[in-house]
Amino acid sequence: MDRAARATPPPVAKQIKGLSDRAIAWIFVAPTIIILLAINIFPLIWTIYLSFTNYAVNRPNRDVSFVGLRNYERILSDEGTWATMQATAHFLIWTIVIQVLIGFTLAYLINKKFRGNDLWTTIIVFPMMLSPAVVGNFWTFLYQPQIGLFNYVVSFFTGADPSSFSMIASVDLAPWAIIIVDTWMWTPFVMLICLAGLRSIPDSIYEAAECDRASKWRQFWTITIPMILPFLMLAVLFRGIENFKMFDLVVQLTGGGPGNTTTLTSIDLKREAFEKWRTGFSSAYAVILFVTVFGLASIYVKALNKVKAR
Amino acid sequence: MKSKLLNSVAVMSVVASGAVFSSASTASADELTLCWAAWDPANALVELSKEFEAQSGHKMSFEFVPWPNFADRMLNELNSGGKLCDLLIGDSQWIGGAAENGQFVKLNDFFEKEGIKMDDFLPATVTGYAEWPKNTPNYYALPAYADVVGWTYRKDWFERPEIAQEFKEKYGRDLAVPATLEELQEVGEFFQGREIDGKTVYGAAIYTERGSEGITMGVTNVLYNYGFQYDNPDKPYELEGFVNSEGAIQGLELYKKLYETATPPGASDAYMSANIDAYKSGQVAMQMNFAFIWPGVEADPNVGGGKSGYFANPAGPAGQFAQLGGQGISVVANSDSKDAALEYIKWFAQEEVQQKWWDVGGASAMRSVVEAPGFADSQPFAQTFLDSMAIVKDFWAEPAYASLLLATQERVHNYVVAGQGTAKEALDGLVEDWNEIFEDEGKK
């Protein structure tokens, strides 16, 4: 046998007698599939099963009975659940709109070459490096009506008495209080995605547009926006998924109050599952949320692929 | 040869006796973990327990969880069959669930064997902390920490002549400890936004917290006194007309009025620590809180040393009651050191230990301690503590208490703090929620 032939390993099947290449491939893939089944698929199926029962995890001695669609009926006919969905939609839509607008604007400005560009980028991205629990905690102090900096800043510009309003205690202001904090924290993330998009546009396209005497405004609408659109859509997708799951920041800031004004679905679900211990009910709730998010995300990803294909 | 043999025997004896000693000491010296909330009394218990360690040889360790997360953490621990806690000082409302689910050891036989009598403890604490079902001699805990909601007020402000005079001119009576809840609301309103020593101060810090149990522990102090009842005394679980009686509706309206007219700005999610902070920082004239805070108030450089006074929850048209707090100590059924845990309870039930418990800042529920001559004068708040403990009522302790509690939290908070709907709608909604829960429980 020459040296080259010896360096080439024989087929694995020849080394392990009686096993085909396909079988060996399965052996390698099997652990991943088993783990996936154990920690993803089985819990999902189990959750669906529990959603049709009255099971309560804190009542191991109680008989578990099949309740059919009762849990689903209760959730979908419950005004509180719909109020929670509305609060989530309000939070989701406004945070995404504001963060995309500000994030894109910041990226557009940062993309210009100027002195201290890197320093500003670092300063801007700083909030997203912090823990949401920490951010929630210190914003509660900033929003404090008697000593909070936020109220004093508003007072400085409007002349209103700082202790005359409370961002966290007011039913009207609390939904905006959480939007402001989330925007402060996560706009830099949108900015970074937009910046990546802006920097991926070749200069030659703008140069060609200059030769064609296209105005800056026209360049922006016909080159920048279409080319950055997939990045913007990606940012919307990431922020949408993240904010649909929003929990820690809001719990630290408002605890879901006042009333249920800032009770988002994740907070409500946690209360049902781990405070009221209504496991069957909360499983149905989780299934409804899963179907909603999965459906919306699938439609969105299809739209994103279409935009990318253009 | 003989000496070699003897030496060998001696060595073997030493080794064997060492092994026996070491195994004996392993068997007798356990490591016990006591779980409780993270608050001042817990620190006092750590000090007190050193005596138990010295006497028994067992080593104590402690797992203290801050109040807002205490129920979540500990109920998760119990429900998951965890072995973290050997002893648990759990909230009074957990007793039903923990008893029915076999999470706490039933202590009747142990009490009988050791001569521990429940008659030695304040009756309200035995019913509240130890019994399940209520008012039956089935014990799952030893009353460990007697607590009740009461009021603290700025005596020094009340005694200022210019303030007292202004109050008299406005309300036609002396500024004094309020005898009724309506008077309390008026006193709160009087202090609201007032300038004292160059600072703007407010009327009262009350419970408004939404997440755990705060607003329920607060509002019940008004509801009870206005005629609210958990159910028909003659027909258990019949709620209509008892939870949402005319009196209860008036009581809830009064609590909202108190919130709107007498609390500091932004106090929309306040519980124990928020109220302590508001009071100690000189923001409020009065504070609703559990009695456990009173030793800390008395020792505080800003508001202690005679500047503060204490009073039991004022009366309403339907009587005078106060929300029971406090806890019993239970042995966790899943513990591997149950015998050592029972030893701890036996030690803790001794009269001299209970006396020390009061002395170090705990709150004994033992009658011989709290009914001893001189107890009422032992601390400035001791008489108020006794008065308050005599008028207690407690929330549901049913196995489904968590659902019952959270429904109350939501209905009351939505009305009082968020201003949604009317008091009648809130209590009618509560009846609906509770009925649904009891139907699920098969109790209706």
Side-chain angles (χ1 to χ4, degrees), chain A residues 54 56-63 65 67 70-71 74 78-80 83-84 140-141 143-148 151 161-174 177 251-263 267-268 270-281, chain B residues 68 71-72 75-76 78-81 94 97-98 100-103 193 199-200 202 208-215 259 263-271 278 281 283 399-407 409-421 429 433 436-437 440-442:
Chain A
N54 68 345
V57 75
N58 67 332
R59 310 291 298 282
N61 299 341
R62 194 173 74 170
D63 290 339
S65 52
V67 296
R70 192 170 160 210
N71 288 329
R74 274 189 182 177
D78 180 33
E79 283 178 23
T84 302
T140 55
F141 291 110
Y143 281 146
Q144 222 284 334
Q146 293 156 76
I147 53 162
N151 283 35
D161 179 9
S163 59
S164 66
F165 68 99
S166 170
M167 290 298 290
I168 288 173
S170 158
V171 173
D172 298 325
L173 296 177
V251 165
Q252 285 295 329
L253 265 174
T254 63
N260 284 338
T261 16
T262 59
T263 302
I267 298 172
D268 200 29
K270 187 258 180 182
R271 277 184 189 152
E272 293 294 342
F274 300 110
E275 291 178 21
K276 293 184 185 174
W277 301 99
R278 299 165 82 189
T279 315
F281 182 89
Chain B
D72 263 13
L75 293 176
N76 262 318
L78 290 177
N79 294 330
S80 63
W94 304 356
E100 290 199 5
N101 296 323
Q103 291 159 340
K199 267 174 65 178
T200 305
Y202 304 93
T208 56
E209 187 251 10
R210 164 74 174 81
S212 59
E213 57 170 19
I215 199 163
Y259 171 69
T263 57
S268 61
D269 198 24
Y271 198 23
S281 63
Q283 273 190 69
Y401 107 91
S403 296
L404 296 163
L405 177 69
L406 288 171
Q409 286 285 106
E410 187 170 343
R411 293 289 181 182
V412 173
H413 186 93
N414 284 0
Y415 169 66
V416 172
V417 177
Q420 292 169 3
D433 293 345
E436 194 180 292
I437 293 164
D440 283 352
E441 291 289 304

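Note: hydrogens, waters and symmetry copies are ignored here, and every other heavy atom, side chains too, is used. Because the structure is predicted, anything quoted here is derived from the model rather than measured. In what follows, chains are A, B, ... by sequence order, proteins preceding strands, each numbered from 1.
A/S170 places no side-chain N or O within 3.5 Å of a backbone atom of A/M167 that could act as its donor or acceptor partner. Remark: the backbone N or O of A/K276 is not paired with any side-chain donor or acceptor of A/E272 at under 3.5 angstrom. No donor-acceptor pair closer than 3.5 Å links the side chain of B/T208 to the backbone N or O of B/I215.
Residues A/A177 and A/Y143 approach most closely at O-OH, 2.9 Å, considering heavy atoms. The minimum heavy-atom distance between B/R210 and A/R271, with the atom names listed, is NH2-NH1, 2.9 Å.
Among B/A407, B/P265, B/A418, the residue making the largest number of heavy-atom pairs under 4.5 Å with chain A is B/P265. Of the listed residues (B/N79, B/N414, B/N101, B/V417), the greatest number of heavy-atom pairs within a distance under 4.5 Å of chain A belongs to B/N101. Across B/Q409, B/E441, B/R411, the residue that shares the most heavy-atom pairs under 4.5 angstrom with chain A is B/E441. Of the listed residues (A/R74, A/Q144, A/R278), the one with the most heavy-atom contacts under 4.5 Å to chain B is A/R74. Contacts with chain A were tallied for B/Q283, B/Q420, B/Q103; B/Q283 has the most, counting heavy-atom pairs under 4.5 Å.
Distance OG1/A/T261 to CG/A/L173: 10.5 Å, rounded to 0.5 Å. Separation of atoms CD1 (B/I437) and CG (B/L405) is listed at 10.0 Å; rounding is to 0.5 Å.
Proximity to chain B (any heavy atom under 4.5 Å) is shown, for A/S65, by neither the backbone nor the side chain. Heavy-atom distances place both the backbone and the side chain of A/N260 under 4.5 Å from chain B. Within the 4.5 angstrom heavy-atom criterion, atoms from both the backbone and the side chain of A/P258 approach chain B. Of the atoms belonging to B/L75, heavy atoms from both backbone and side chain fall under 4.5 Å from chain A. Of the atoms belonging to B/E209, not a single heavy atom falls under 4.5 Å from chain A. Within the 4.5 angstrom heavy-atom criterion, only side-chain atoms of A/Q146, from C-beta onward, approach chain B. A/S163 touches chain B through backbone and side chain together, each having a heavy atom under 4.5 Å away.
Side-chain contact check for A/F274 versus B/D72: every heavy-atom pair is 4.5 Å or farther apart.
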